[in-house]
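Read the structure below first, then the notes.
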Amino acid sequence: MAGTGVFEDIIEGDVFKYYTDGEWKKSASGKSVAIINPTTRTTQYKVQACTQEEVNKVMESAKIAQKQWAKTPLWKRAELLHKAAAILKEHKAPIAECLVVRSGDLISYCAEEGVRILGEGKFLVSDSFPGNERTKYCLSSKIPLGVVLAIPPFNYPVNLAVSKIGPALIAGNSLVLKPPTQGAVACLHMVQCFHLAGFPKGLISCVTGKGSEIGDFLTMHPGVNCISFTGGDTGVAISKKAGMVPLQMELGGKDACIVLEDADLDLVAANIIKGGFSYSGQRCTAVKVVLVMESVADALVEKVNAKVAKLKVGPPEDNCDITPVVSESSANFIEGLAKDAKAKGATFCQEYKREGNLVWPLLLDNVRPDMRIAWEEPFGPIVPVIRINSIEEGIHHCNASNFGLQGCVFTKDINKAILISDAMETGTVQINSAPARGPDHFPFQGLKDSGIGSQGITNSINMMTKIKSTVINLPTPSYTMG
Ligand SMILES: NC(=O)c1ccc[n+]([C@@H]2O[C@H](COP(=O)([O-])OP(=O)(O)OC[C@H]3O[C@@H](n4cnc5c(N)ncnc54)[C@H](O)[C@@H]3O)[C@@H](O)[C@H]2O)c1
């Protein structure tokens with residue numbers, strides 16, 4: 001149960017506390033933010049509404065703690081991360097087993113990868129550049145950035161938090177976490193695992209509150225040296241407001257699934273179900289548009305429909321496949337897309353049905369480019385199908401999107417698959433599988449409005465460091481003789 005056992009300290013009354021200076025505290029604001037249960041649409045939990053003053057204090061502590069942490073040997077940093085990973089895995093029950101095991105492994109991998117890549121630097125000699133003798137030796141190494149601000153989204157609140165925390169800490173940074181309100185409770189439990197591991201005070205903090213009150217204040221705070229954000233369009237706005245700090249942005253997507261005539265349609269149908277409807281479609285890498293060759297479209301739609309009919313719809317407690325989407329506004333948005341498609345003549349393979357935040361799975365056939373669903377990210381269980389007459393048409397649709405996260409192509413012809421993959425303007429293309437993030441050490445990045453930079457453990461560690469060089473100047477050229 002949330003807030004019990006070793007997690008007792010993180011809650012008082014019915015409000016979860018925030019974490020700063022190694023302690024769980026109540027905000028001086030006396031206010032809280034409600035977390036609404038998507039099924040019952042009533043308040044399930046509450047978190048502190050932190051003030052700007054409290055954010056300032058958190059930033060101050062983070063700065064001080066980072067200076068000490070940067071002087072902590074790499075192996076010791078790794079040791080503490082391994083400890084946190086073990087504690088997280090040990091206490092998976094109250095957080096949710098499926099969220100935690102992968103995250104524990106991710107933290108351990110960060111520790112191991114960090115020890116390897118941060119233990120190495122570069123040595124350059126000057127005579128490789130024209131006009132120079134060998135009079136200068138350049139030693140360069142990776143050093144921390146300072147305070148990293150981590151902002152994960154609601155749909156993977158633990159995994160997408162530790163994918164920022166692990167790299168930041170192993171690289172010698174301190175970390176301020178601002179969890180998504182829907183998902184904050186899982187985040188706060190995860191933070192307690194880091195607390196129990198014994199990280200120094202102030203090194204990790206977790207502030208909760210209203211985006212309108214502390215969102216911009218955090219992202220524009222002069223104490224922040226790096227922002228790692230995963231979410232929607234908010235990220236585009238943040239990137240315009242943030243100062244001269246490195247940004248890692250993993251944003252929305254409109255992942256296309258291109259299906260050629262020779263594709264294994266059973267495999268495609270299974271991947272559309274998994275890729276389009278798991279998590280009720282609330283995944284950045286969900287299949288968000290199917291671009292299928294006209295000649296196989298009827299057969300594919302029939303296979304997908306047969307599988308949609310088998311999806312269990314209802315509350316998460318009943319282990320259903322399709323469960324209520326995160327908020328009423330999200331359900332309203334999805335409904336808007338469905339209504340627009342209806343008005344413009346899309347074929348509804350199932351009847352549109354909604355109760356509260358629960359939206360029944362829906363496949364829309366014969367979608368055309370003038371419909372909003374052809375371009376917008378529903379973040380719900382609706383998958384549009386656009387019938388195409390050539391591969392070029394499919395690639396053109398994919399590349400006309402303002403998003404460029406992932407895409408996938410289904411064909412038995414590897415040569416065509418490679419050509420299509422190269423032509424698709426997306427951060428990753430999956431061949432014969434639905435888009436997906438991971439394993440967590442794979443590079444993961446979005447082009448265009450889908451992001452800045454690249455995630456993946458190695459890339460994130462590198463991104464959260466800067467290069468420092470020391471040049472040794474010799475009075476006379478010196479060449480190694482053997
Ligand atoms: N590319 C990826 O890796 C990836 C992964 C998961 C989700 N997503 C995207 O995330 C979106 C869904 O998640 P969401 O609804 O939580 O996204 P969101 O953009 O609404 O919120 C993301 C985070 O930003 C915070 N936030 C909101 N306003 C803020 C502000 N002004 N300043 C600072 N922080 C602020 C939120 O509290 C939350 O923690 C979808 O668009 C999805 O595609 C992307």
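All ligand and atom numbering here is 1-based and tracks the order in the structure. As the structure is a prediction and not an experimental result, all values here were calculated from the model. Hydrogens, waters and symmetry mates are skipped; everything else that's a heavy atom, side chains included, is used.
Checking Thr208 against Gln48 by side-chain atom types alone, no donor-acceptor pair falls below 3.5 Å.
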Could you check ligand 1 for N or O atoms lying under 3.5 Å from protein N or O atoms and list the pairs with distances?
residue	atom	partner	partner atom	Å
ligand 1	1 (N)	Leu251	N	3.4
ligand 1	1 (N)	Leu251	O	2.7
ligand 1	10 (O)	Gly231	O	3.2
ligand 1	10 (O)	Gly232	N	3.4
ligand 1	16 (O)	Phe154	N	3.1
ligand 1	17 (O)	Gly232	N	3.3
ligand 1	19 (O)	Gly232	N	2.8
ligand 1	19 (O)	Thr234	OG1	2.8
ligand 1	37 (O)	Lys178	NZ	2.8
ligand 1	39 (O)	Pro152	O	2.8
ligand 1	39 (O)	Pro180	N	3.4
ligand 1	41 (O)	Glu377	OE1	2.9
ligand 1	43 (O)	Glu377	OE2	2.5

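In this structure Ala34 satisfies the side-chain contact (heavy atoms from CB on, under 4.5 Å) test together with Ile36, Thr43, sequence neighbours excluded.
A salt bridge links Arg116 to Glu113: one of the charged nitrogens lies within less than 4.0 Å of a carboxylate oxygen. In this structure, Lys57 does not pair ionically with Asp21, as no charged nitrogen and carboxylate oxygen lie closer than 4.0 Å.
Pairs engaging residues 27-64 under the ring pair (Phe, Tyr, Trp, His ring centres under 6.0 Å) rule: Phe16-Tyr45 [sequence neighbours left out]. Sorted by first and then second residue, the ring pair (Phe, Tyr, Trp, His ring centres under 6.0 Å) pairs with a member in residues 203-223 read Phe217-His221; sequence neighbours excluded.
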